[in-house]
Novice: 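Take a look at this one; I'll ask things after.
Just follow the structure's listing: the first ligand is 1, and inside any ligand the first atom is 1.
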Amino acid sequence: MSAATENNKRKVTTHRLKEMKSRGEKISMLTAYDYSMASIIDQAGMDAILVGDSASNVMAGNVTTLPMTLDQMIYHGSSVVKAVKRALVVVDMPFGTCSGNPELSLQAAIRIMKETGADTLKIEGGEEIIEDIRKIVDAGIPVMGHLGLMPQSINKYGTYTVRAKEKAEAEKLINDALLLEKAGCYAVTLEKIPAKLAAEITDKLSIPTIGIGAGAFTDGQVLVMHDMLGINKDFSPKFLRRYSDLHATITNAVQNYIEDVKSQDFPNENESY
Ligand code: KIV
């Protein structure tokens with residue numbers, strides 16, 4: 001086996017993501033919320049798997065990510081961790097668990113790390129929660145920041161449109177990104193911001209940026225698995241590329257099964273004991 005192949009099979013760490021940025025290798029990240037899908041995604045060679053609080057939307061059917069609880073994130077996180085051998089596993093801290101009380105935030109972070117076995121956490125927010133992030137990082141827990149569109153703050157903004165198009169918000173975003181790096185974050189997710197701004201931040205930071213709707217010049221890309229596999233039919237933002245139409249594939253398979261049951265074609269003799 002070549003050294004490159006051997007190297008590729010090694011467990012991905014936060015350090016390896018930084019190395020990838022240094023040599024200009026793009027980082028691939030995709031969400032997963034359960035054992036079976038995480039296993040497929042890991043074996044396909046994904047660098048990082050995000051147990052996103054988008055589970056609230058795509059798994060639980062909620063309109064926003066706000067209802068997600070710590071226990072629910074731990075359930076999804078531990079299911080994913082059991083399946084993953086190579087990818088870095090990142091678990092989202094859910095709404096309300098990291099919001100300006102560093103001691104409480106650390107307790108929540110420790111619970112996720114202990115009870116899921118995940119490698120790292122992702123936290124939405126900048127300057128307002130910088131002390132929380134510092135406390136968590138200082139306790140030995142790697143943190144990926146999350147700036148730009150922050151779905152947990154949807155009630156504050158009232159819309160999911162592109163963020164930081166105006167100068168003042170763009171300047172705050174750059175400042176927040178620098179603060180996150182200084183506080184010890186190993187990477188930052190940039191969601192739905194202009195490509196030019198994402199490129200500028202990527203250039204300014206020594207840690208990797210992972211974009212979603214942030215253009216081509218971030219150090220990596222992340223998508224929600226249900227969106228890119230075409231399981232969701234109703235969500236079609238400009239930034240999304242669909243790699244499959246699982247909605248049609250699954251509908252077709254399920255309809256064939258119904259038909260076979262009704263027509264008594266299934267089960268046949270070979271499928272019986
Ligand atoms: O929860 C999630 O899936 C996320 C991605 C959109 C980055 O945070």
Side-chain angles (χ1 to χ4, degrees), residues 17 26-34 37-38 41 46-70 72-77 79-80 84 87-98 112 116 118-126 129 133 142-154 157 159-164 173 176-177 180 185-193 198 201-202 207-215 218-229 231-232 234-242:
L17 295 193
K26 296 286 182 184
I27 298 161
S28 59
M29 181 156 98
L30 188 63
T31 66
Y33 317 96
D34 68 274
M37 290 306 295
I41 293 167
M46 194 64 58
D47 295 316
I49 293 181
L50 171 64
V51 186
D53 60 357
S54 50
S56 181
N57 310 106
V58 297
M59 300 299 288
N62 296 313
V63 174
T64 73
T65 57
L66 274 68
M68 213 60 191
T69 66
L70 198 54
Q72 288 166 337
M73 288 309 299
I74 288 169
Y75 166 77
H76 288 294
S79 307
V80 166
V84 173
L88 183 82
V89 179
V90 186
V91 176
D92 262 342
M93 284 195 71
F95 173 68
T97 58
C98 184
I112 298 178
T116 65
D119 300 306
T120 95
L121 302 177
K122 177 164 78 59
I123 302 176
E124 290 183 17
I129 54 156
I133 290 179
V143 173
M144 178 183 287
H146 183 148
L147 297 171
L149 174 61
M150 294 180 280
Q152 291 176 11
S153 302
I154 184 60
Y157 295 109
T159 160
Y160 286 103
T161 53
V162 179
R163 292 288 192 270
L173 211 151
D176 279 345
L180 289 176
C185 285
Y186 71 89
V188 184
T189 292
L190 298 174
E191 182 164 354
K192 222 169 173 187
I193 61 170
I201 293 168
T202 301
I207 57 173
T209 57
I210 315 276
I212 173 165
T218 51
D219 298 305
Q221 298 290 331
V222 57
L223 284 175
V224 169
M225 180 246 294
H226 288 63
D227 301 338
M228 66 81 84
L229 290 180
I231 296 173
N232 284 342
D234 310 330
F235 185 63
S236 295
K238 182 181 172 186
F239 68 78
L240 176 63
R241 186 180 294 181
R242 285 195 210 287

Novice: Any heavy-atom pair between the side chains of K192 and R163 that's under 4.5 Å?
Specialist: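 No, side chains not in contact.
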Novice: Any chance the side chains of D34 and S79 put a donor and an acceptor closer than 3.5 Å?
Specialist: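 There is no such pair (donor and acceptor under 3.5 Å, judged by atom type) between the side chains of D34 and S79.
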Novice: Please check whether D53 reaches ligand 1 - meaning an N/O of the residue sits under 3.5 Å from an N/O of the ligand, judged on distance alone.
Specialist: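 Yes; at least one N/O pair falls below 3.5 Å.
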Novice: Taking only heavy atoms of H146, which atoms of ligand 1 are found under 4.0 Å from at least one of them?
Specialist: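 Selected atoms, number and element: 8 (O).
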Novice: Check whether any heavy atom of K122 sits under 4.0 Å from an atom of ligand 1.
Specialist: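 Yes, K122 has a heavy atom closer than 4.0 Å to ligand 1.
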Novice: Considering only the protein, which heavy-atom contact is closest to atom 5 (C) of ligand 1, and what is its distance?
Specialist: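 That would be L50 CD2, 3.8 Å.
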Novice: So if I count the atoms of ligand 1 from 1 in the order they appear, which ones are less than 4.0 Å from some heavy atom of G52?
Specialist: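 Those qualifying, in numeric order: 1 (O), 2 (C), 3 (O).
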Novice: Students should be able to answer this: which protein heavy-atom is nearest to atom 3 (O) of ligand 1, and at what distance?
Specialist: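 The closest heavy atom on the protein side is S54 OG, 2.5 Å.
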Novice: Ignoring hydrogens, what is the shortest heavy-atom contact between S56 and T64? Give both atom names and the distance.
Specialist: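 Distance-wise, the nearest heavy atoms are OG-O, 2.7 Å.
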Novice: So do Q221 and I210 actually touch side chain to side chain, heavy atoms under 4.5 Å?
Specialist: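 Not touching, per the 4.5 Å side-chain cut-off.
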Novice: Could you say whether the N/O atoms of T189 and ligand 1 ever approach to under 3.5 Å?
Specialist: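 Between T189 and ligand 1, no N or O pair is found under 3.5 Å apart.
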Novice: Less than 4.0 Å is my threshold; does some heavy atom of E124 fall inside it relative to ligand 1?
Specialist: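 Under 4.0 Å: no for E124.
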Novice: Please work out, at 4.0 Å between heavy atoms, whether the side chain, the backbone, both, or neither of T65 comes within that distance of ligand 1.
Specialist: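 None of T65 does.
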Novice: Mind checking whether H226 and Y33 have parallel, tilted or perpendicular rings, split at 30° and 60°?
Specialist: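 Answer is tilted, since the angle falls between 30° and 60°.
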Novice: Could you tell me if T116 and Y75 have a donor-acceptor pair between their side chains, going purely by distance under 3.5 Å?
Specialist: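 No donor-acceptor contact under 3.5 Å links the two side chains.
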Novice: As an exercise, identify every atom of ligand 1 less than 4.0 angstrom from a heavy atom of V224.
Specialist: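 Contacts of ligand 1 toward V224, numbered from 1: 3 (O).
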Novice: Should you measure from each heavy atom of T31, which atoms of ligand 1 turn up under 4.0 Å away?
Specialist: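 Under 4.0 Å from T31, ligand 1 has these atoms: 3 (O).
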Novice: Measuring from M150:CE to T65:OG1, what's the distance to the nearest 0.5 Å?
Specialist: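 Going from CE on M150 over to OG1 on T65, the span is 11.5 Å.
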Novice: Please round to the nearest 0.5 Å and tell me the distance separating atom CG of L149 and atom OG1 of T161.
Specialist: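 The CG atom of L149 sits 8.0 Å away from the OG1 atom of T161.
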Novice: Does a donor on one side chain sit under 3.5 Å from an acceptor on the other, for T202 and T209?
Specialist: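 Yes, side-chain donor-acceptor contact under 3.5 Å.
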Novice: Distance under 4.0 Å to a non-hydrogen atom of I212: what atoms of ligand 1 satisfy this?
Specialist: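 So the answer, numbered in order with elements, is 6 (C).
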Novice: Give the numbers and elements of all ligand 1 atoms closer than 4.0 Å to a heavy atom of D92.
Specialist: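 Atoms satisfying the 4.0 Å criterion: 1 (O), 2 (C), 8 (O).
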